[in-house]
Amino acid sequence: MARHYSTQEALDIIMHSDCEDGSSSSSSEVGTDQLESNSDSSETESGGELEEAAAGWTSKNGKVFWSPTNTETLRYVPSISDPASSFALLLTDDILQRIVSMTNLHGRRSIAEWQDMDTEELQAYVGLLILAGVYRSKNESTLSLWSEKLRRSIFRATMSHKRFHQISRTLRFDDKLSRPRHRDDKLAAFRKVWDMWTHRLPMLFSPFSDVCVDEQLVPFRGRCSFKQYMPKKPAKYGIKIWGNCDVKSSYAWRLQVYTGKAAGSRPEVNQGLRVVLEMTEGLQGHIINCDNLFTSFALAEELLRRKLALVGTIRRNKPELPPILLQARARAILSSTFAFTKTHTLVSYIPRRGRNVLLLSTKHCSPDVSDEMKRKPVIIKDYNRCKGGVDNLDKVVSTYSFRRRTNRWPLALFHNLVDISHYNAYVLWTSIEPSWQQQRPYRRRLFIEEVGEMLVTPHIKKRGRLPRSSAAATMVSDLQGAAAGPSHQ
């Protein structure tokens, strides 16, 4: 499937011709207009030839005017010009303005001498968090980040530690006083920002053929009505997020926070089916890879109706499984047993004694087994290749994560939002500019560092008072001097 990395706001349609006069064309009818304008009224023969040529390139219905050259072809120029602009496609001005207004509202209520924050200062705050992740300082005290001994001058040059701590304490995403008293939405404190952000994720990227649906756990141990316990995850306690990621790039294509069942209601039936169908809405012609938490015969049938294939492990208690595939005691080790319908394929593989691996696929239709020593079925090999999309997203995000310890779950979700945003922005940027820092083995670190510096630079340039640190003061003076330009007597 052809890929595109931007939509209405990610691509600016710049319509212009390559003519010497530089005039722009606004419709396909310009071709005939130019033929008429360039013709000399005194030369009737040449005018007639041009009219015949134009008629030869006009469609049969007379509505479309074609041209034998590409001089009038509209060219698509991406608006992503640097790493920071790719990050701005995800953390948009609307999202920043929402956070700024809600934070200022709470700051005026809670702090007597609160100074209103603007969008540039919020970007600088986010930039400092990103730079803290570059320095692997997510568990480090913020006082050490502002310490002059460690020579991280950019923190002192951007804002004071007092102001940074003040913003962290007052950062809000909604108006608490305007919430309904009896809330049905457990995510109300973060819902608006979350919906604005997740709405953009599928707009900017078209996945490859394989996608993966799985769970993500945002570490959090504070008070939260929908906090989950997942013993197989490294953090064990946190906020569960259903995720759909592209397998090749681990781009987070769709995310959904799991807020648990409603108060007084029964446990959800067929939760895995509901989650996968919601996570894959809008896709067509793709292969969905998921584990036994989601896989079922009914899910495979519904995905086929939507022109999607399914490959996933399946639990042995499913009623659609034949009994012969569940018998593992009398079978040889490394043996495979297949079962088929017109559209579904089941395989039972015995990797070791007492272990039976069951998979369901609507992509495969033949009993193919690899020639390797373990003689794994091709279904299992394909599943192992594609099952780690969401897990790999967690891995790459945690490498340069800036998650700070907090007792407020909306702030924990905001940290995760920014972490995923700068990784998705990295995928977009390297897809449009694949040659950027290609020889560097740590180019993602360079990308994140450049984004952080670009976010803090505008706030540094307009800073009024110089910091006390000499190195930080020099940095501020140099940036402000460069912005002012050369002095004239």
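A salt bridge does not link R98 with D93: every distance from a Lys NZ or Arg NE/NH1/NH2 to an Asp or Glu carboxylate oxygen is 4.0 Å or more. Ion pairing between R306 and E281 fails under the 4.0 Å rule for side-chain N and carboxylate O. Salt-bridge annotation for K387 and D382: absent, with no side-chain N of the basic residue lying under 4.0 Å from a carboxylate O of the acidic one. Note on E278 versus R274: salt bridge recorded, some NZ/NE/NH1/NH2 to OD/OE distance being below 4.0 Å. Remark: K233 does not engage E215 in a salt bridge, criterion side-chain N to carboxylate O under 4.0 Å. Between D391 and K395 there is no salt bridge, since none of the side-chain N atoms of the basic residue sits less than 4.0 Å from a carboxylate O of the acidic one.
Remark: the W114 side chain and the D116 side chain contain an N/O donor-acceptor pair separated by less than 3.5 Å. For the 3.5 Å distance criterion, the side chains of S401 and D419 qualify, holding a donor opposite an acceptor. A donor and an acceptor atom, one from each side chain of N104 and S101, are nowhere located under 3.5 Å apart. Donor-acceptor pairing under 3.5 Å is recorded for the side chains of W197 and S421. With no hydrogens or angles considered, a side-chain donor-acceptor pair links R403 and N416 at under 3.5 Å. Counted by atom type alone, Q166 and R169 present zero donor-acceptor pairs between their side chains at under 3.5 Å.
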Are W409 and F220 close enough, and set up right, to give a ring-ring contact (aromatic ring centres under 6.0 Å, His included), and what steps lead you there?
-> CA-CA 7 Å; W409 64 262; F220 183 73; 8.0 Å; no

Would S249 and D246 satisfy side chain to side chain donor-acceptor pair (under 3.5 Å), going step by step from the backbone distance to the final call?
-> CA-CA 6 Å; S249 63; D246 174 53; 2.7 Å; yes

May I have the step-by-step check of ring-ring contact (aromatic ring centres under 6.0 Å, His included) for F226 and Y258, ending in yes or no?
-> CA-CA 7 Å; F226 49 91; Y258 176 64; 8.7 Å; no

Given ring-ring contact (aromatic ring centres under 6.0 Å, His included), test F294 with W242 step by step and report yes or no.
-> CA-CA 11 Å; F294 308 95; W242 308 115; 5.7 Å; yes

D82 and S85: side chain to side chain donor-acceptor pair (under 3.5 Å), yes or no, with the steps?
-> CA-CA 5 Å; D82 50 42; S85 61; 3.2 Å; yes

I would like to know whether H286 and T280 meet side chain to side chain donor-acceptor pair (under 3.5 Å); could you show each step before the answer?
-> CA-CA 9 Å; H286 292 77; T280 58; over 6 Å; no

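Every ring-ring contact (aromatic ring centres under 6.0 Å, His included) that Y125 has, sequence neighbours left out, goes to F164.
Within the 3.5 Å criterion, the main-chain N or O of L89 finds a donor-acceptor partner in the side chain of R200. A donor-acceptor contact shorter than 3.5 Å links the side chain of S296 to the backbone of L299.
Under the ring pair (Phe, Tyr, Trp, His ring centres under 6.0 Å) test applied with F205, the options Y251, Y426, W253, W429 reduce to a single match, Y251.
Closest heavy-atom contact between C212 and C386: CB-O, 3.6 Å.
Taking the six-membered ring where tryptophan is involved, the planes of F173 and F414 are tilted, since the angle between them lies from 30° to 60°.
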